[in-house]
Amino acid sequence: MSEIVEPGEVVQPFEADVGRVLDLVINSLYKEREIFLRELVSNASDACDKLRYASLSSPELLDTDPELKIRILVDEAAGLLTVTDNGIGMSREDLVENLGTVARSGTARFLDQLSGDKDRDLRLIGQFGVGFYSVFMVADKVVVQSRKAGEAASWIWASDGRTGFTVTEAETTGPRGTAVTLHMKADAKEFLDSWRVQSVVRTYSDHIAIPILLEVRPKPGDTKTKQEPTQVNEASALWTRPKAEITDEQYREFYHHVAHAFDEPFARVHFTAEGALSYAALLFVPSQRPFDLFDPKRRHGVKLYVRRVFITQELESLFPRYLRFVAGVVDSEDLQLNVSRETLQNGAVVARMRKALVKRVLDELAAKAKAEPAAEVLEEGKAKPVSYLEWWAEFGGVLKEGVYEDAENRERLLELARFRSTHGPGWTSLAEYALRMKEGQDAIYYISGESHEALRTSPQLEQALAKGVEVLLLDDPVDEFWIPEAKDFKGKAFRSLTRGDVDLSGLKGEAKEEQPEPKVAEDALKRLVARLKVALGEEVSDVRPSKRLKDSAVCLVAEEQGLDLRLERFLKQHSQVKELSKRVLEVNPQHELTRKMAELAKDTGKGLEFDELARLLLDQARIIEGEPIPDPGAISRRMSSFLARGLAA
C-alpha cells in the first residue's frame, strides 16, 4: 500500500470481517460491477436526507449551501470517477467506523454461512448488501474526503482495498459533505464513459429525490465536450408519483435502494391515504431472507418522511416486530416537521398509520397466498418468481410471531400460515386441514419437534395415523409460543398429541386397520403398571396404559396441564426452567414386549431383571422423544445384557 502512504501516515488494518467481505465482493460480484455506482449514489442520498432532517433543528448546518445535490465527475484523462454530495459529512471517527469496520449485527454469522460456491455465495452476499465496499470491484485505490456539517476540519480516508487504510487531516478545509474519488482499474474504464454512467444512474437511481448532476471533464485540447453539469435523474419522490407512471423496473430499483438489497421484491404495497389522515406509502416485502432476520437488533427498514423530508428510519412503533422484513417509505402530511422521535414513538397519528399499514401488507400477502394452492408441493429448482410457499419457507417463522404478539390480526395471520402435516409431503393451510377433519373431530391435532421429517416417525402419531386423522407437524421454535395464545382456529381448538390422555377411538371414518394384537389382560396390566411405578419411582410422574400407541412399546407424554415436551426443553436450554419436569410413561397394552413384561411381573424372583428392563424402556422412550439420558453408560450396559440373553435363547 506504499502508493497511498504519505510521510507520517499510519496504515490501519481493516477489521477481519471487512477483509473477508472485500474478497467476496471483488471475486464474486465481478459481473455485477455497475452496482458500485448505485451504492455510492444511495449513500450520498442518505447523507443528504440526514442533513435535511438535522437542519430542521439546526438550520445553521446548511450554512451558505442550502441546495442539496449529488455530483458525479468523470475525468477520463486522469482515470478518475468522483461522486460528491453536500450532505451531513463524516468526522474522522465516522470515517473509521463506517469505512473501516462492518458495523452490522450478525456479520460473523453471515460469513460463516459462505461455502465457496460462487452462485450460492452470490445470493448470500445479496442478502447481506455490500454498500461502499463494492467500489473495489472497479478501483485499485479509493480516496474519500469529508467534512461533517458544523465542523471545521476535513479528513481524508484512503485505501487500496487490500492492506488497510489511512485517515489524515486535509491541509485545507474542504466543502461540507463527502467526495469519493475512484482511481479506476484498467479493465473498468467503461465507467469513465459519460453515456455509460448516465445509463447506470437512470437504471438504478432515477428515483432518487435529490438532483444527480453529471459533469464530464474535457480531455486536454478538447473544446467540444460540454462542461456544464447536466441533471441525469428525474429527482422526484417515487412514492408521490401515480402508479401508472412507474415501471416495474423503477419499483425494483427503488426497493434495492431503500432496502440495500439485491433480490427481487416478493410483494409491494403502494397507496395514498386521504381523509382524517393523509400519507403516502411505498412498501416492499423481500423474496430472500435477510441474513440478520432473527437477530434481536433487527428492525424494519421503513423510512418515515414528513412532506418529502426524511425524519427517521428508527421509529419502531411504525411496524410490529413480526414485520421487520418490510422495507420502504411512509410520507406523512399530518405530522410536524420538527416532531421529536419520542413523541412519534407513542403518538396517536403513528398508531393509526401503523394499523392501516399492517392491514395493507397482510392483504397483499393474502392475495399472494390465494393465487397459489397451499397444498402444492414445491418442485426442486422452481423458476422465479418466488411462490408463496417458497416465501413462507423463508419468512413463515417470523410471521407466526405475530400470532403470539398481535391479537387484533391473529385470525388473519393464521389464515396466512402454512404447515407441514401427515396429509402429505407439501404444505397445508388451517382452512384446508379443517375441510379434511373426520366426522366428530373437534380439535386440530399437532405434534412439535426439531424437524417435520423426524416427527413423521413419532410414536405419538400411531393412533392418529391408524384412524386417518391428520396431524400438524410443527418444527418452528415459535410454534410453542403462539399456540397457547391462539387457542383455536375458527372454533377448533389446538390439541397436542404429546400432552394429556389422547383418545381418538370415537372418531368415525377410520382408516383401514390391521388386525390388532391381543391386549394384556386387565388384571395383568394393572399389576404391570404397578410394578413399573415401583421400579421407576421418582423418574416418572406416572405410568399408564396408552391409547395413542399402535406399533411402539412405550412413549413419554406430558401431563394435561403441564408444559409441552418440546417447549419445556426449549425453556431449559435458555435457562428459563432449572430442570425438566417428570414425564408420564405410557405403555402399549397390545405390544409383544408389554405382554412379556406382564409375564415377568408375575415372577417375584426376577425383580432385578424386571427393574433393569423397566429402566431400559424408559431410556428408550427418552431417546425417541429427544430427552437427555441421565446415564448413557448404564443404558449401554443394560442393552448389551439383554441382547446377549436374546442371542443365547
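The structure presented is a predicted model; accordingly, all values stated were derived computationally and were not measured. Along the sequence shown, the residues carry numbers beginning at 1. Atom set for the values below is all heavy atoms of this structure, side chains included, hydrogens, waters and symmetry mates excluded.
- Contacts of Y322 classified as ring pair (Phe, Tyr, Trp, His ring centres under 6.0 Å), with partners at least two apart in sequence or in another chain: none.
- The residues D94 and K148 are annotated as salt-bridged, a charged nitrogen and a carboxylate oxygen being separated by less than 4.0 angstrom.
- Open room surrounds CD on E67; 12 or fewer heavy atoms of other groups in view lie less than 6.0 Å from it.
- Under a cutoff of 6.0 Å and an axis angle of 45°, R33 and F191 do not form a cation-pi pair.
- Aromatic ring pairs are classed by plane angle as parallel below 30°, tilted from 30° to 60° and perpendicular above 60°; the pair Y251 and F284 is perpendicular.
- Considering all non-hydrogen atoms of both residues, E485 and V403 come closest at CB-O, 4.4 Å.
- Under the salt bridge (charged side-chain N to carboxylate O under 4.0 Å, His left out) criterion, the residue pairs touching residues 230-246 are E234-R241, with sequence neighbours excluded.
- The only option from T203, L182, V197 that meets the side chain to side chain contact (heavy atoms under 4.5 Å, CB included) definition with L37 turns out to be V197.
- In plain terms, the two heavy atoms of L68 and R176 that are nearest each other are CD2-NH2, 3.9 Å.
- For residues 395-405, every residue pair satisfying the salt bridge (charged side-chain N to carboxylate O under 4.0 Å, His left out) rule, not counting sequence neighbours, is listed here: R324-E401, K400-D476, K400-D479.
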>> Working note: F310 + K303, criterion side chain to side chain contact (heavy atoms under 4.5 Å, CB included); need CA distance, chi angles, decisive distance, verdict.
In response: CA-CA 7 Å; F310 173 72; K303 296 181 177 182; 3.9 Å; yes
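- Checked against the 6.0 Å centroid threshold, F266 and F395 do not count as a close aromatic pair.
- No more than 12 heavy atoms of other residues, nucleotides or ligands shown are found within 6.0 angstrom of NZ on K359.
- Atom CD of E171 sits in a sparse spot, with 12 or fewer heavy atoms from other residues, nucleotides or ligands closer than 6.0 Å.
- Remark: the backbone N or O of W195 is paired with a side-chain donor or acceptor of D193 at under 3.5 angstrom.
- Side chains of T82 and T181: a donor-acceptor N/O pair is present below 3.5 angstrom, by distance only.
- Annotation: cation-pi geometry not satisfied between R321 and Y404 (NZ/CZ under 6.0 angstrom from ring centroid, within 45° of ring axis).
- Of the N and O atoms on the side chains of D263 and S287, at least one donor lies less than 3.5 Å from an acceptor on the other residue.
- Using a 30° and 60° split on the angle between ring planes, Y305 and W239 fall in the tilted class, from 30° to 60°.
- Salt-bridge annotation for R299 and E314: absent, with no side-chain N of the basic residue lying under 4.0 Å from a carboxylate O of the acidic one.
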